[in-house]
S.K.: 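Let me give you the structure first, and then I'll get to my questions.
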Amino acid sequence: MLLPVYGVSFNQLNAYFHLDSITVTKQRGQRFVTVEAITQGARVIDGRKVPDGITVSASTLAGHGMQPFIILFCAIPLWPAKTRSEYLVIALASLFMFIMIQAIDTPLVLSGALEDMVLYSFTQDQLTSSPLVQGMHFMNSGGRLALSLMGVGLVRVIQLCLCRDCRDGVSR
């Protein structure tokens with residue numbers, strides 16, 4: 001269901017790749033989100049032109065997307081809520097936060113993987129200075145969990161802003 005979100009975010013992150021397709025594939029019993037993109041734009045790396053029209057692909061485990069879901073939705077029962085409408089606010093805010101985290105996480109990992117592949121082919125010196133490659137490493141090194149925990153905090157802020165009874169309980 002999140003493939004359209006991934007596609008929009010992927011296109012926003014990439015000036016040098018045109019999204020051809022983004023799909024969920026199954027390999028050796030595991031599901032992957034796989035992107036196929038085509039190189040585009042006047043890009044020169046280390047004095048060499050990157051050819052346009054080359055198809056490149058990358059994938060990441062689809063299960064990684066479940067980590068933020070588990071963290072966000074396991075936190076729902078932890079928040080004090082006096083009414084069902086407060087729980088509804090928490091659930092909807094958690095769903096919104098999950099979609100926002102997914103719009104960052106998977107497209108950044110896929111974009112970073114493609115950028116890593118291109119830079120590795122042309123010059124390995126730029127791998128450490130590429131924001132996309134570093135973003136991929138951040139996400140794969142606990143960044144998605146950090147974003148999820150920040151999301152939990154933001155859900156609590158949303159709850160405090162929207163639920164009067166909860167605000168009154170905090171101020172006492």
Side-chain angles (χ1 to χ4, degrees), residues 1-41 43 55-79 87-121 124 126-162:
M1 293 187 315
L2 291 169
L3 292 179
V5 173
Y6 295 159
V8 169
S9 185
F10 180 89
N11 283 330
Q12 294 301 313
L13 285 169
N14 292 289
Y16 298 112
F17 298 107
H18 172 71
L19 181 64
D20 188 34
S21 68
I22 188 162
T23 58
V24 175
T25 59
K26 194 171 184 179
Q27 300 169 16
R28 296 181 306 275
Q30 295 191 42
R31 292 181 189 264
F32 290 84
V33 176
T34 302
V35 66
E36 287 193 6
I38 300 170
T39 57
Q40 70 176 11
R43 186 172 189 190
T55 300
V56 291
S57 67
S59 61
T60 186
L61 281 170
H64 288 166
M66 292 308 296
Q67 291 175 357
F69 181 84
I70 291 167
I71 290 172
L72 285 163
F73 287 94
C74 283
I76 290 174
L78 300 176
W79 298 133
Y87 272 120
L88 182 62
V89 166
I90 294 168
L92 290 175
S94 295
L95 181 61
F96 172 76
M97 208 55 57
F98 172 71
I99 292 169
M100 292 299 101
I101 291 167
Q102 289 302 301
I104 296 167
D105 179 5
T106 300
L108 183 57
V109 169
L110 293 170
S111 298
L114 292 177
E115 184 73 359
D116 182 72
M117 187 172 29
V118 169
L119 289 176
Y120 188 83
S121 297
Q124 297 172 15
Q126 293 184 22
L127 287 171
T128 57
S129 63
S130 167
L132 289 176
V133 173
Q134 294 309 308
M136 174 190 66
H137 290 311
F138 171 74
M139 286 301 179
N140 287 333
S141 301
R144 70 180 49 91
L145 298 176
L147 278 178
S148 300
L149 292 173
M150 288 176 27
V152 167
L154 287 172
V155 167
R156 178 66 171 154
V157 168
I158 291 169
Q159 178 194 11
L160 290 173
C161 290
L162 295 180

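We number each residue from 1, following the sequence as shown. Just the heavy atoms: all of them, side chains too, but no hydrogens, waters or symmetry mates, feed the values below. Small disclaimer: the values here were computed from a predicted structure and weren't measured.
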S.K.: Test of understanding: with side-chain contact (heavy atoms from CB on, under 4.5 Å), list the residues that count as partners of Leu154, not counting sequence neighbours.
M.R.: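 For Leu154 the side-chain contact (heavy atoms from CB on, under 4.5 Å) partners, ignoring immediate neighbours, are Met97.
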S.K.: Provide the full list of salt bridge (charged side-chain N to carboxylate O under 4.0 Å, His left out) pairs with a residue in residues 94-113, sequence neighbours left out, each pair given once.
M.R.: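 Passing the test, one end in residues 94-113: Asp105-Arg144.
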S.K.: Among residues at least two apart in sequence or on other chains, which ones pass side-chain contact (heavy atoms from CB on, under 4.5 Å) with Met100?
M.R.: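 Result, side-chain contact (heavy atoms from CB on, under 4.5 Å) vs Met100: Phe96.
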S.K.: Please lay out, stage by stage, how Ile101 and Met150 fare under the test side chain to side chain contact (heavy atoms under 4.5 Å, CB included).
M.R.: CA-CA 10 Å; Ile101 291 167; Met150 288 176 27; over 6 Å; no
S.K.: Which pairs would a plain distance check flag for residues 10-22, meaning a side-chain donor or acceptor within less than 3.5 Å of a matching protein atom at least two apart in sequence or in another chain?
M.R.:
{"unit_1": "Asn11", "atom_1": "ND2", "unit_2": "Gly7", "atom_2": "O", "d": "3.4"}
{"unit_1": "Asn14", "atom_1": "ND2", "unit_2": "Phe10", "atom_2": "O", "d": "2.7"}
{"unit_1": "Asn14", "atom_1": "ND2", "unit_2": "Ser111", "atom_2": "OG", "d": "2.8"}

S.K.: Over all heavy atoms of both residues, which pair between Val5 and Ala103 is shortest? Give the atoms and the distance, please.
M.R.: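 Minimum heavy-atom contact is CG1-CB, 3.7 Å.
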S.K.: Measure the spacing between CZ of Phe138 and CD1 of Ile104 and express it to the nearest 0.5 Å.
M.R.: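 It is 9.5 Å, given to the nearest 0.5 Å.
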S.K.: Could you give all pairs that pass the salt bridge (charged side-chain N to carboxylate O under 4.0 Å, His left out) test and reach residues 132-142, with sequence neighbours left out?
M.R.: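 Checked against salt bridge (charged side-chain N to carboxylate O under 4.0 Å, His left out) - neighbours excluded - no pair reaches residues 132-142.
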S.K.: Is there any side chain to side chain donor-acceptor pair (under 3.5 Å) pair reaching into residues 88-102, and which pairs are they, with sequence neighbours excluded?
M.R.: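 Listed once each, the pairs are Tyr6-Gln102.
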S.K.: So, taking the atom named CG in Leu114 and the one named CE in Met136, what distance separates them when rounded to the nearest 0.5 Å?
M.R.: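 Going from CG on Leu114 over to CE on Met136, the span is 10.0 Å.
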S.K.: Tell me, which pairs form a side chain to side chain donor-acceptor pair (under 3.5 Å) where one or both residues lie in residues 28-37, sequence neighbours left out?
M.R.: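 As it turns out, the side chain to side chain donor-acceptor pair (under 3.5 Å) pairs with a partner in residues 28-37, which skip direct neighbours, are Thr25-Thr34.
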S.K.: Applying salt bridge (charged side-chain N to carboxylate O under 4.0 Å, His left out) as the test, list every pair that has at least one member in residues 106-121; sequence neighbours left out.
M.R.: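 Found Arg43-Glu115.
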S.K.: Let me check something: any side-chain donor-acceptor pairs from residues 57-78 under 3.5 Å, sequence neighbours excluded? List them with distances.
M.R.:
none

